[in-house]
Amino acid sequence: MRTVKTLGLLGTGVIGGGWAARALHFGIDVIAADVKPEMEAWIRGAVANAEPALARLTSAPLPPKGRLSFTTDLAVMAARADFIQENIPEQLELKQRMLAAVSRHAPADVIIASSTSGLTPTELQRDMVAPERFLVAHPFNPVYLLPLVELVGGAQTAPAATLAASAFFRYIGMHALVVRREVPGHLTDRLQEALWREILHLVNDGVATTGELDDSIIYGPGLRWAAMGTNLIYHLAGGEPGMRHMLAQFGPCLKWPWTRLEAPELTESLIDRMVEGTERQAAGRSIRELERLRDDYLVAIQQVLRQYDIGAGATLRALEERLFADAGTQAGALAADPSLPLRLVETVVRPEWVDYNMHMSDYNYYRLLGNAVDQLYRKVGIDAAYRSAGHMFYTVETHLMHLGEAKVGDALYVTTRLLSVDDKRLRLFHQIHRTRDDALLATGEQLHLHVDTAAAKACCMDAALRARLEAISAAQSAQPVPAQAGRHVGQPKHAPAA
Ligand SMILES: NC(=O)c1ccc[n+]([C@@H]2O[C@H](COP(=O)([O-])OP(=O)(O)OC[C@H]3O[C@@H](n4cnc5c(N)ncnc54)[C@H](O)[C@@H]3O)[C@@H](O)[C@H]2O)c1
């Protein structure tokens, strides 16, 4: 299967727009096709709306954004795409017809996936050319922030197609959950639907309002679900004996009339109650306002989960590892002359990095130094294995000097010089430059101490690591020591460093 440089989208509504925003953000070009020409403006707006939240998701170095193009001709899209994602309305006959048409135009090594919420892949691939490259890839709204994508193969799907699709979705920061066997509704929508049917009954019977039912989730189980699903949570509910005890205690309730499986009739009065209830909950806020609120907390939750390396936070960490590794490969390739400082970070100042003066805020300078240090560590082999063996460098001192202003949209790069290395210490000197004119905007000098993390004490670094660091430092010593190195706070700008 192909390396995906261009994602083709068929259908550019809510879900097509979400796919576009995610793919473009992680450097994939997108060619979007829709029957309605007016959807071009819509998808461009959807991508712009997604950007602020996406930009806050990670500070790991990102590749240049992908380019978005639009067509009303599915043949044009199919001929240019390396991977095609279909997102047209949930109607079996329409999807079958359009997927068959796309498959006639797309080369046989281009995977075609459907975002269908519940149709099965065997039905959908029925009339396709090369149906073995087809599968369901069911995402969740907003696609640009929720990492889950359910992958479901049909009777004719080749396992290699599912594997290749998993790799692509992981590349754009998603958690690919491979569903073992096709069932209508896949996995997640079956679970959501069960809850949804019960909600409709409770509203219909006048037991609760939509707001009360949402409260019953958001103050309780909803908080647990972000990191541990129902099963693991119930295992904890069983106390020390876990799930076995839980089933013994609450098993009999399964026979009691706590839930109904058949959905109620969607009568006019039930529809009115649902609509009036949710309008009251929205309390005058527009869909756009609510979406922004939702996006902000989805970003924040994933960043919290990242600290615990659990659920969607583990997916975010894996994405960041990949982004840092890719940026490191590019940085390594740039360092042609070993006597020059290492060029370790390339970035663009994001809107949320600036303060009320519209200049990059202090803590973002530290963030860039941190990113440069992380890149250096990767380069010299300080990786997860080194850390889990109980060793790491801790930053014990930083001196930052501001020389210019970084504004929103400025491309920046960071270079790093290893001023000295000994058994336990590493002295670094970073320079933050504006890419456009190479202007020096800030310098940062740091002392890092090698520590035994269990004992929380300084200790000698591994001899091979020290040799690698010394080799870089020795090669760089051919250049004069930077004028700002060794300065103290308040020293006149042009006075030589002590
Ligand atoms: N909305 C959700 O929350 C959600 C979540 C996951 C999956 N899905 C699935 O994603 C798919 C799309 O849903 P949506 O909510 O984005 O729908 P939508 O109505 O917002 O968008 C559908 C788009 O398809 C276009 N379209 C219709 N016929 C077409 C054709 N023949 N060729 C090209 N474009 C055509 C329409 O113009 C429209 O822009 C459905 O299968 C749905 O089940 C939706």
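Basis for what follows: all heavy atoms, side chains included, without hydrogens, waters or symmetry-related copies. For clarity, every value in this text was computed on a predicted model and none was experimentally measured. In listed order, ligands and their atoms are each counted from 1.
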Which residue and heavy atom of the protein sit nearest atom 20 (O) of ligand 1, plus the separation: V14 N, 3.1 Å

Can you find a side-chain donor-acceptor pair between N49 and E291 that sits under 3.5 Å? no

Ranked by distance from atom 22 (C) of ligand 1, the top protein heavy atom is N87 O, 3.6 Å

Using a 4.0 Å cutoff against the non-hydrogen atoms of P89, which atoms of ligand 1 qualify? 22 (C), 24 (O), 26 (N), 27 (C), 28 (N)

Is it true that D326 and R322 make a salt bridge, defined as a side-chain N closer than 4.0 Å to a carboxylate O? yes

Taking only heavy atoms of G13, which atoms of ligand 1 are found under 4.0 Å from at least one of them? 16 (O), 20 (O), 21 (O), 23 (C), 39 (O)

With a 4.0 Å cut-off on N to O distance, would you call E405 and R434 a salt bridge? no

What are the atoms of ligand 1, with element, lying closer than 4.0 Å to any heavy atom of K95? 40 (C), 41 (O)

Ligand-residue contact atoms, ligand 1 with T116, heavy atoms, under 4.0 Å: 41 (O)

Which of these, M39, E90, M77, Q91, has its nearest heavy atom closest to atom 41 (O) of ligand 1? E90

May I ask you to check if ligand 1 and E86 share an N or O to N or O distance below 3.5 Å? no

Regarding T209 and R280, is there a side-chain donor-to-acceptor distance under 3.5 Å anywhere? no

Using a 4.0 Å heavy-atom cut-off, which part of L74 comes near ligand 1: side chain, backbone, both, or neither? neither

Identify the closest protein heavy atom to atom 40 (C) of ligand 1: which residue and atom is it, and at what distance? I88 O, 3.3 Å

Close-contact set for ligand 1 against K36 heavy atoms, below 4.0 Å: 37 (O)

Starting from atom 8 (N) of ligand 1, locate the nearest protein heavy atom and write down its residue, its atom name and how far away it is, to 0.1 Å. S117 OG, 3.3 Å

For a quick check under 3.5 Å, do T58 and E320 share a side-chain donor-acceptor pair by atom type? yes

From CA spacing to verdict: side chain to side chain contact (heavy atoms under 4.5 Å, CB included), H138, V179: CA-CA 11 Å; H138 175 227; V179 179; over 6 Å; no

Counting from 1, what ligand 1 atoms have a heavy atom of M98 closer than 4.0 Å? 31 (N)

Do you see a donor-acceptor pair shorter than 3.5 Å between the side chains of T116 and E90? yes

Atom 17 (O) of ligand 1: protein heavy atom closer than 4.0 Å? no

Should you measure from each heavy atom of H138, which atoms of ligand 1 turn up under 4.0 Å away? 6 (C), 7 (C)

What is the closest protein heavy atom to atom 3 (O) of ligand 1, and at what distance does it sit? N141 CB, 3.6 Å

Quick one: do K407 and D410 make a salt bridge, cutoff under 4.0 Å? no

Determine the interplanar angle of the H433 and Y413 rings, folded into 0 to 90°, and report it as parallel if under 30°, tilted if 30 to 60°, perpendicular if over 60°. parallel

Does the gap between the ring centers of F169 and F83 come in under 6.0 Å? yes

Is F140 in polar range of ligand 1, meaning some N or O pair under 3.5 Å apart? no

Taking only Lys NZ, Arg NE, NH1 and NH2, and the carboxylate oxygens of Asp or Glu, determine whether R44 and E40 approach each other closer than 4.0 Å. yes

min-distance protein heavy atom vs atom 6 (C) of ligand 1 -> P139 O, 3.2 Å

Nearest protein heavy atom with distance in Å, relative to atom 32 (N) of ligand 1: V35 CG1, 3.6 Å

Would you say D34 has any N or O atom under 3.5 Å from an N or O of ligand 1, going by distance alone? yes

Below 4.0 angstrom, N of the basic side chain to O of the carboxylate: do D296 and R56 qualify? yes

Give me the residue, atom name and distance of the protein heavy atom closest to atom 2 (C) of ligand 1. I15 CD1, 3.7 Å

Side chain to side chain, Q302 and P147, heavy atoms closer than 4.5 Å: yes

Numbering the atoms of ligand 1 from 1, which are under 4.0 Å from a heavy atom of S115? 7 (C), 8 (N), 9 (C), 10 (O)

